[in-house]
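Notes follow the structure.
What you see is a predicted model; the values in this text were computed from it and never measured.
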Amino acid sequence: MRVTVNVAGRTLDAHVLTLGGSPGWGVYYLDGPVVPRNGSSLPVGGGGLTAVAYAADGTVLASLDPPATSR
């Protein structure tokens with residue numbers, strides 16, 4: 001499995017940890033740059049952050065875009 005995170009136009013590879021056993025849970029994390037947006041350190045909503053999970057063969061398993069926030 002592979003996970004990428006798009007942050008402010010840059011696609012970064014996340015680290016994936018998978019747990020043994022059933023059902024085979026996992027988690028991903030990213031150590032990347034802080035991107036300021038409107039005084040906040042996290043670019044949420046409006047396409048500022050997107051995570052995509054891929055199968056071993058490159059098939060997209062899931063894509064996550066945070067919901068837009070109203071300010």
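Here A56 pairs with nothing under the side-chain contact (heavy atoms from CB on, under 4.5 Å) rule; sequence neighbours left out. With sequence neighbours left out, L19 forms a side-chain contact (heavy atoms from CB on, under 4.5 Å) with W25. With sequence neighbours excluded, no residue satisfies side-chain hydrogen bond (donor to acceptor under 3.5 Å, both in side chains) with S22.
L61 is connected to V3 through a chain of hydrophobic side-chain contacts under 4.5 Å among Ile, Leu, Val, Met, Phe, Trp and Tyr, so both are in one cluster. Transitive grouping of hydrophobic side chains (ILVMFWY, heavy atoms separated by less than 4.5 Å) keeps V27 and Y54 in distinct clusters.
Judged as a salt bridge (Lys or Arg N to Asp or Glu O under 4.0 Å), not a single pair has a partner in residues 15-25 (not counting sequence neighbours). Under the side chain to side chain donor-acceptor pair (under 3.5 Å) criterion, the residue pairs touching residues 11-21 are R2-D13, N6-T11, with sequence neighbours excluded.
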From CA spacing to verdict: side-chain contact (heavy atoms from CB on, under 4.5 Å), V60, V52: CA-CA 7 Å; V60 173; V52 182; 3.9 Å; yes

Criterion side-chain contact (heavy atoms from CB on, under 4.5 Å) on V5 and Y28, from CA distance to verdict: CA-CA 10 Å; V5 179; Y28 68 91; 4.1 Å; yes

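Heavy atoms only, all atoms of each residue included: A14 and L30 are closest at CA-CD1, 4.2 Å.
Annotation: side chain of V16 is not in contact with side chain of Y29 (no heavy-atom distance under 4.5 Å).
Taken from OG1 in T4 to CG in L12, the straight-line distance is 9.0 Å, to the nearest 0.5 Å.
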